Engineer: 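Here it is, the structure, as structure tokens.
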Amino acid sequence: MKFKLTALEKKWVLYDVGNSAFTMLVATIFPIYFNYLAGNAGISDVDYLAYWGYAASVCTLLVVVMGPILGAIADTKDFKKRIFMAVLFVGVAGCIALGFFSSWLWFLIAFVLTKTGYAASLIFYDAMLTDITEPERMDTVSSQGFAWGYIGSCIPFIASLGIVLGGDKMGLEMRESMILAFSITAIWWLISAIPLLRSYKQRYYAEVGGRVIHDSFARLGKTFTEISKEKHIFIFLLAFFFYIDGVYTIIDMATAYGQALGLDSTGLLLALLLTQVVAFPSVLLMNRLAKKINPTKVLTVSIVAYLCISIYAYFLDTQVDFWILAVLVGVFQGTVQALSRSYFGKIIPADKAGEFFGLYDICGKGAAVLGTTLVSIMSQLTGKMNVGVSAISVLFVIGLILFRKAVKMNEAAEQHD
């Protein structure tokens, strides 16, 4: 029987189409523009890569602090959508503002605030999954979100790419081109959220009195206690922390790495566009495979594939190598993200989705923290960028071992129940 999304599920998926456009900017045009600003300031390629990595790490640290707190507050009745709207507007406004900065330092500061708003919005978006669908539909709905997000993000990206690459012919300066490109993406992002904002209703929530903040912190404390007792959830979060950190490091640092190696900017952008195109059918095919075999087995294979990708990055030297890397990432990227999100959604209490997804999104949605910092430090210590990038392979090894342990513990817990 053919799987059909409900009207609300479609609106939830549509937001993935919008926020994925911002992700594309972060992975492509943002680091190129930052490289342009840093180059004008006389910053070396190694330091440029390191500063970009440090900025990504700061984003994650901010989400680490904010995520659980906002998630706990969002589990209060009618609060999830309100906070989602607030952080969404921070991200959208920041995206537009970024084009107006000509200082590399101010651009980096504004980028941190913008990406933090984006990451925070995903905490509540992911938590909405338990409200808009049922557990048996989560794998497919989650996969549909990432799949359409990949292909849908290509529309504003192609428009932005045309403006950036063809700005000279249109009589636009670099800064003017960036203002237009960033604005197109921000408007696309905002419009995609409107249908969800109009239709979404919070099904699962915690009843509180007049002390929302106090009660939210109290529930958060109980959540940490509960997770410490539910070992299979704790170990999965720990596994996710490591392997998704590696995934997001590759996403965040790919273009910056290619730029630092001196590869052609146009070729880098087109290669990452190819990643999106490849990811669309791949995540849908992998979801079908997960239904026939087992979601955890498909997720395990995808983590192993990323381990191989990180090792391959050490030998990356030419434009062709980068295109091969882009295709490999496209095949497995969406599968890792989609199946991780749905797996977590199925093993947590639905009425505490905000709190639990607040913790979940600490582990990677804001950006990578261990990975980007590791790349930055290793690159500066060794003076070799390929050593820094390939060092993230250790994150996938640790994540893989912990994930398989979490799966076994979860299966044992289900049998016990």
Side-chain angles (χ1 to χ4, degrees), residues 19 21-67 87 89-122 160 164 173-183 185-186 189 245 248-261 265 268-269 272 364-381 385 388-389 392:
N19 72 63
F22 177 77
T23 303
M24 279 290 284
L25 273 189
V26 173
T28 56
I29 297 177
F30 275 178
I32 288 176
Y33 187 50
F34 176 63
N35 187 34
Y36 166 78
L37 296 177
N40 288 343
I43 295 174
S44 70
D45 288 337
V46 170
D47 285 338
Y48 145 73
L49 184 67
Y51 292 154
W52 187 250
Y54 290 138
S57 298
V58 171
C59 292
T60 297
L61 292 176
L62 289 174
V63 175
V64 165
V65 174
M66 294 167 50
V87 293
F89 291 140
V90 169
V92 170
C95 186
I96 295 174
L98 276 166
F100 292 90
F101 291 101
S102 56
S103 163
W104 70 270
L105 181 57
W106 282 109
F107 177 88
L108 213 55
I109 293 172
F111 167 74
V112 168
L113 295 175
T114 302
K115 195 161 188 287
T116 300
Y118 155 81
S121 79
L122 292 179
S160 299
V164 171
E173 296 180 356
M174 171 72 84
R175 185 179 175 187
E176 294 170 333
S177 296
M178 292 300 172
I179 291 173
L180 287 175
F182 297 171
S183 297
T185 299
W189 181 10
D245 206 290
Y248 278 95
T249 298
I250 290 176
I251 294 173
D252 286 344
M253 303 295 285
T255 300
Y257 181 43
Q259 282 271 291
L261 289 173
S265 296
L268 294 177
L269 293 174
L272 291 168
K365 279 289 188 174
V369 59
L370 284 181
T372 50
T373 303
L374 186 61
V375 170
S376 301
I377 292 175
M378 291 300 293
S379 295
Q380 288 188 313
L381 285 178
M385 294 167 288
V389 172
I392 63 173

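Quick caveat: nothing in here was measured; it's all calculated off a predicted structure.
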Engineer: For a quick test of reading the model, state the closest non-hydrogen atom pair linking Ser183 to Ile96 and the distance between them.
Structural biologist: OG-CG2, 3.8 Å
Engineer: Is there side-chain contact between Tyr51 and Phe34, with at least one heavy-atom pair below 4.5 Å?
Structural biologist: yes
Engineer: Can you name the side-chain hydrogen bond (donor to acceptor under 3.5 Å, both in side chains) partners of Ser121, sequence neighbours left out?
Structural biologist: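 With neighbours one apart ignored, the set is Tyr15.
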Engineer: How would you list, by chain and number, every residue that makes a ring pair (Phe, Tyr, Trp, His ring centres under 6.0 Å) with Phe182, sequence neighbours excluded?
Structural biologist: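 By the ring pair (Phe, Tyr, Trp, His ring centres under 6.0 Å) rule, Phe182 matches Phe30.
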Engineer: Nearest heavy-atom pair of Ala38 and Trp104: which atoms, and what distance?
Structural biologist: N-CB, 4.0 Å
Engineer: Quick one: do Phe111 and Val26 satisfy side-chain contact (heavy atoms from CB on, under 4.5 Å)? Show the steps, please.
Structural biologist: CA-CA 9 Å; Phe111 167 74; Val26 173; 4.1 Å; yes
Engineer: From Thr23 OG1 over to Trp189 CH2, what is the distance, rounded to the nearest 0.5 angstrom?
Structural biologist: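 Thr23 OG1 to Trp189 CH2: 8.5 Å, rounded to 0.5 Å.
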Engineer: Would a 4.5 Å heavy-atom cut-off, applied to side chains only, mark Thr114 and Tyr118 as touching?
Structural biologist: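 No, their side chains stay 4.5 Å or more apart.
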Engineer: Looking at Val164, is its backbone amide N or carbonyl O close enough to the side chain of Ser177 to form a donor-acceptor pair, meaning the two atoms are under 3.5 Å apart?
Structural biologist: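 Side chain of Ser177 to backbone of Val164, a donor-acceptor pair under 3.5 Å: no, none is there.
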Engineer: Compare every heavy atom of Cys95 with every heavy atom of Phe22, then report the nearest pair and how far apart it is.
Structural biologist: CD1-SG, 4.0 Å
Engineer: Given 3.5 Å as the limit, does a donor-acceptor pair link the side chain of Arg175 with the main chain of Phe101, or not?
Structural biologist: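 No, the answer is negative, given that no donor and acceptor are paired below the 3.5 Å cut-off.
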Engineer: Looking at every non-hydrogen atom in both residues, tell me the closest pair between Leu98 and Ala110 and how far apart they are.
Structural biologist: CD2-CB, 3.6 Å
Engineer: side-chain contact (heavy atoms from CB on, under 4.5 Å), that's the test. Do Tyr54 and Ile377 meet it? Break it down for me.
Structural biologist: CA-CA 9 Å; Tyr54 290 138; Ile377 292 175; 4.0 Å; yes
Engineer: Out of curiosity, Leu25 CG to Lys115 NZ, how far, rounded to the nearest 0.5 Å?
Structural biologist: 12.0 Å
Engineer: If the condition is side-chain hydrogen bond (donor to acceptor under 3.5 Å, both in side chains), which residues does Thr116 pass it with, not counting sequence neighbours?
Structural biologist: none
Engineer: For Leu37 and Ser103, which heavy atoms make the closest approach, and how far apart are they?
Structural biologist: CD1-O, 4.2 Å
Engineer: Write down the atom of Val90, the atom of Leu113, and the distance for their closest heavy-atom approach.
Structural biologist: CG1-O, 4.1 Å
